Amino acid sequence: MEMSARLPVGEELPDDVLRRAKAGVRDACEALIVRYEGPVFAVLSRMLIPKGRAGLVADLAQETFLRVLRGLPRFAAEGPARLSTWILTIATRVALDELRRARLVTEDIEAVHAISDHSGERRAEEGAMRAAIVRALGTLEPIHQAVLVLREYHDLDYAEIADALQIDVGTVKSRLARARQALRHVLEESRR
Amino acid sequence: MSEKRSHEGAGLPPKVLCAFAPLSPPPGFAQSVLAAHAAAATAVAPGRTRARVVVMAGLVLIGAAAALSFAVGSEVRGATVAAQRTTVAIGGRATAVAEPGSALSFVVGRRGDAEVRQGAGEVFYRVERGGAFVVHTPVARVEVTGTCFRVEVLPMVKRAHVIGAVVGAAATAAVLVTVYEGKVRLANGSGAVVLGAGESGSASSGSPTVVAASNAERQRRSPASPVTDAEGGEELRARYHAQTQALAEARRRLAEVEDKANAKAGDDKLWFHPSKEELVRRARDCTLRWDMPAVLWHRQLPARLARSYTDSEEERSIIAETRERLADRVGATVRRLYVETTGDERSSHMLSLSAMTEEIRQKGLEGEEQRVYQRLSAERAGLAAPPGDATNQGSPYERLMRLLTTAGDDYERDLANQLGPARARALREKHNGWENKSGNSPGCPANR
């Protein structure tokens, strides 16, 4: 089970492919999407599923990549931001925009099944743990959730998170600390 | 550069975090993205708009040469004169929904900077961040960086009702801008004002300044009152008050619904078998809640869900086939309603069902969502009679909501025909309702 969806240096999209994708070459654009669709689905899953919007993950992943393709000609390949960070930033903002909408409240059956799947003791324990994590993330404010997800699951550094969420580094640190504390508290409560 | 984790204190245990595995991209995801990207880039039909521009003479547009040149190289141009509600993609930077009678043209440069000229009518814009985006109207320009807003260019007759003070005006129009998200700057030769979400502003040629209050002036006045009677903005202020109040009420009701949805004991059966008292209470608040199979996202029955229902292969097969029949019926209806709403047959084969349902909702008339919720919740509570032919009456949005809120019952009924009523109900009760549970409370209409 993947812990960090961050591509180590050397596993970003090759420069020549990126150049051709920026020029709009279809094969290169497809390669870009295939390379980064996993991390995009990951960040959107962890933002939306706990808020009962699992059904929107695929739609918003598509929206994310449409924005990526539109903005790609202007992405500075030699700049300080890595392509993966830039794409995850877009995905996070798409998720936050969605969570700001007053929308239908739905329940995620995936979370329900994680509890009810008793085909083995280990699977049951994992399912319960998953359900607890989902519930715990769901209690966080979206911005706290975003800080936690980007740091814990995608290994972005403080400056990258600050840029993605348009807040300062000090705020990132304090929100991360609070989010971790809140998550630990909810997880401990669920174990009782 | 990545900070060392050990310096920031204990993170969360990897075993705990890894328990939450994310969803995986479906097969063909990249191809569907590229198809949608290509569709957005060619949304304006050059031939059609060219003819319309020529016929509709007299409107304020960019010169004919601009209207005749289109997406060539890295610059994108287009124009449209809307005889019916028309959705226009502005070079991938924005989406414009042009109401009948509106006219606009645009140029999007290679760096993503966009200039739109709106000569008449009402257009809703949704703009993505990325470079300058300016809407020029006959009397003012609207500058944005990423937002949702509406621009109405009002002809002189209507303007007299709105402004109320100008006699024998030499001006040809006034413009009214309403912002839903983000900020815009409304400016003309007489001045400028920044409008935030939930605010409206107006401008006209011939008046000494932009009618909407300046930032400083707005701070001095009540936040709900950006335009005074003395400036002739009585109608604008009334609209702004109504919008602000409806928005506040909707937020309050949504908070109530969310609180109740999170409550534990006693709510287990509210998704599909609420009491009469509960239905009456919901009707009072214009609230709807319903459960249905998640066919807007998954046509086929997920394997884990199937196993949770029953160990019988035969029964799983019946449940799965019944679900697919429902999915096909729902899908066909959603597509039909989407095409009826947008006129966009092509996109109906590319967009997801959930995306189409959302667009049908967004394109409803002002206040329609509240009216539909009021009507349906009253019918459910037995306080109003349903229409005789519900599938063909009402707006597309009303028919969509009837479809979705009854899909769970339809599914159970179809299963009951094959497995018996008791078994069908037991399946529905297995997870306290079918897997997609929805509820919303947009607030009741103000004139109830």
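Remember, predicted model here, so these are calculated numbers, not experimental data. Letters A, B, ... mirror the listed sequences (proteins, then strands); counts begin at 1.
Under the 3.5 Å distance criterion, the side-chain polar atoms of Trp434(B) are matched with a main-chain donor or acceptor of Gly408(B). The backbone N or O of Met356(B) lies less than 3.5 Å from no partner atom in the side chain of Glu359(B), so there is not a single donor-acceptor pair.
Scored by the ring-ring contact (aromatic ring centres under 6.0 Å, His included) test, Tyr338(B) finds no partners at all (sequence neighbours excluded).
Under the 6.0 Å distance and 45° angle rule, Arg323(B) does not count as a cation-pi partner of Tyr411(B). Remark: Arg151(A) qualifies as a cation-pi partner of Tyr158(A) under the 6.0 Å distance and 45° angle criteria applied to the six-membered ring.
Proximity to chain B is absent for every atom of Leu44(A), based on heavy atoms less than 4.5 angstrom apart. Proximity to chain B is limited to the backbone of Ala58(A), based on heavy atoms less than 4.5 angstrom apart. Contacts of Arg26(A) with chain B are made by both backbone and side-chain atoms, with heavy-atom separations under 4.5 Å. When heavy atoms are compared at a cutoff of 4.5 Å, Leu137(A) approaches chain B solely by way of its side chain, counted from C-beta outward.
In terms of heavy-atom pairs under 4.5 angstrom with chain A, the leader among Pro26(B), Ala294(B), Pro25(B), Ala30(B) is Pro25(B).
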